[in-house]
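One structure below.
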Amino acid sequence: MPELPEVETIKLGLSKLLPGKKVQKVTYDWPKSFPNSKADVDKFLIGAKVLRVKRRAKVLLIELDSKYSLVTHLKMTGQLVYVPYGHKLTADSLPAGRQGSRLTAEKKFGGGHPSDSLIGRLPDRSTRVITGFIGGSKLFFNDQRKFGWMRLVPTTEVPNIDFFKKVGPEPLAASFKARDFTKRLQKRPNSSVKAVLLDQTIIAGVGNIYADEALWGAKIHPSTVVNRLNGRSIYLLFEELQYVLKLSIEKGGSTDRNYVNHEGKKGSYMSFARVFRREGQTCPRCGATIIKTRVAGRGTHTCPNCQKESKK
DNA sequence: CACTTGACCTGTCCGC
DNA sequence: TGCGGACAGGTCAAGT
């Protein structure tokens with residue numbers, strides 16, 4: 001769910017908050033969520049100062065003056081939430097309620113914070129890593145499903161992470177033109193256009209939400225095979241993809257179920273979505289009923305009238 | 001080689 | 001009410 005616009009929103013937020021902050025303490029206990037050794041943490045993270053925050057594809061990069069970077073992929077349910085100094089926290093460490101114990105964060109930390117905001121309830125059962133800064137502020141990496149990860153990587157080695165070696169170009173880069181988009185798509189001539197949009201090695205940052213939204217905008221059925229798309233269709237798809245990504249960044253991203261930004265707040269793109277998660281509702285363009293099917297192994301939302309399936 | 005499916009996880013929802 | 005099963009969907013590994 002965090003796709004390009006969601007990670008970009010977090011990047012913009014954290015860029016205003018983290019640079020200059022010095023790491024004081026780090027708490028983590030789930031190796032897949034944070035695989036680094038304590039020795040590395042002590043050497044390269046504790047005492048390090050944040051230089052800048054960047055994004056590449058769906059990955060967030062926090063560059064440190066120790067020549068290491070904190071690299072985070074939120075996958076499906078990851079969150080990065082910053083809690084400023086002065087906010088009343090109920091505990092300083094990870095809750096212990098996840099191994100068999102059915103303790104909820106609420107029970108463990110003494111029943112209900114007056115504030116209903118996520119910030120007031122952190123850490124919670126999904127908290128995997130807490131990075132504490134001098135001055136008392138904290139960055140929480142929460143991840144309910146544990147698919148995401150945060151890791152400490154030498155900054156010069158970041159481009160050599162397998163994912164970065166293979167990942168495609170940024171769709172919103174000024175240098176990325178329709179011609180480039182066409183060439184990239186045509187590397188997978190026999191795949192469905194939706195599968196290709198979701199393939200991070202073709203184009204970076206597109207996930208299920210914006211794939212469906214852009215395909216609706218371009219009136220293309222998601223299972224259309226790339227080599228059956230004409231030049232005009234591909235151009236339209238390029239324009240629509242950029243449009244939905246930019247609009248969503250403006251709206252602070254999409255909150256389908258889990259996503260929140262650096263302040264623990266939801267994004268509002270979903271109220272602008274035309275098809276995603278709108279099965280049973282009417283198509284804003286033609287009034288037909290939006291349907292949900294399965295394409296490329298994913299839930300897929302289309303207007304059966306605007307997006308005709310091409311006959312083989 | 002090109003392409004598709006399953007595994008990784010947990011929480012929620014639906015039907016019986 | 002409780003329980004099993006389907007489902008959510010980003011990426012990598014394994015399968016066709």
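Here is how names work: the chains are called A, B, and so on, in the same order as the sequence lines, proteins then strands, and each is numbered from 1.
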Can you tell me the distance, in whole Å, between the [atom1] atom of [X] and the [atom2] atom of [N]?
| X | N | atom1 | atom2 | result |
| --- | --- | --- | --- | --- |
| A:Trp149 | C:dC12 | CH2 | P | 9 Å |
| A:Leu74 | B:dC9 | CG | C1' | 16 Å |
| A:Ile202 | C:dT11 | CD1 | P | 14 Å |
| A:Lys146 | B:dG11 | NZ | C1' | 12 Å |
| A:Asp143 | C:dA8 | CG | C1' | 14 Å |
| A:Phe34 | B:dC9 | CZ | C1' | 20 Å |
| A:Asp199 | C:dC12 | CG | P | 10 Å |
| A:Lys187 | B:dC1 | NZ | P | 14 Å |

Discussion item. Between A:Thr155 (side chain only) and A:Lys67 (backbone N and O only), is there a donor and an acceptor less than 3.5 Å apart?
Written reply: yes
Discussion item. Tell me whether A:Glu6 is salt-bridged to A:Lys58, with the criterion being a basic N under 4.0 Å from an acidic carboxylate O.
Written reply: no
Of the options [options], whose atoms approach the side-chain atoms of [X] most closely?
| X | options | result |
| --- | --- | --- |
| A:Lys292 | B:dC9, C:dG10, C:dA8 | C:dA8 |
| A:Arg298 | C:dC12, C:dT11, B:dG11 | C:dT11 |
| A:Lys75 | B:dC3, B:dG11, C:dT11 | C:dT11 |
| A:Ser191 | B:dT4, C:dG10, B:dC8 | B:dT4 |
| A:Gln200 | C:dT11, C:dC12, B:dT4 | C:dT11 |

With a cut-off of less than 4.0 Å, is there a side-chain N or O of [X] near OP1 or OP2 of [N]?
| X | N | result |
| --- | --- | --- |
| A:Lys58 | C:dT11 | yes |
| A:Arg145 | C:dG10 | no |
| A:Arg294 | C:dA8 | yes |
| A:Gln144 | B:dG11 | no |
| A:His73 | C:dT11 | yes |

Worksheet item: For DNA chain B, what string of dots and brackets results from 5' to 3' when Watson-Crick and G-U pairs need both distances under 3.5 Å, crossing pairs get [ ], and pairs with another strand get |?
Response: .|||||||.|||||||
Discussion item. Suppose you measure atom P in B:dG11 against the same atom in C:dT11; what distance do you get, rounded to whole Å?
Written reply: 22 Å
Worksheet entry | Spacing of the P atoms in B:dC9 and C:dC3 (rounded, Å) | 24 Å
Item to complete: For atom CZ of A:Arg179, decide whether the heavy atoms of other residues, nucleotides or ligands shown that lie under 6.0 angstrom number more than 12.
Response: no
Fill in: Verify stack between A:Phe163 ring and C:dT11 base, 5.5 Å, 30 degrees
no
Discussion item. Go nucleotide by nucleotide along DNA chain C from the 5' end; which of A:Phe147 and A:Asp162 gets its closest nucleotide reached first?
Written reply: A:Phe147
Discussion item. For A:Ser33 and A:Tyr28, which I'm curious about, is there any donor-acceptor pair between the side chains at under 3.5 Å?
Written reply: no
Fill in: No-hydrogen, no-angle side-chain donor-acceptor test under 3.5 Å, A:Asp143 and A:Thr77
yes
Practice prompt. Return the orientation label for the A:Phe163 and A:His73 ring planes: parallel under 30°, perpendicular over 60°, tilted otherwise.
Written response: perpendicular
Fill in: Stepwise side-chain contact (heavy atoms from CB on, under 4.5 Å) test for A:Glu263 and A:Val81
CA-CA 6 Å; A:Glu263 297 176 302; A:Val81 181; over 6 Å; no
Worksheet item: Does A:Tyr269 have its ring centroid less than 6.0 Å away from the ring centroid of A:Phe276?
Response: no
Discussion item. So A:Asn190, base contact, sugar-phosphate only, or nothing? Heavy-atom distance under 4.0 Å.
Written reply: sugar-phosphate
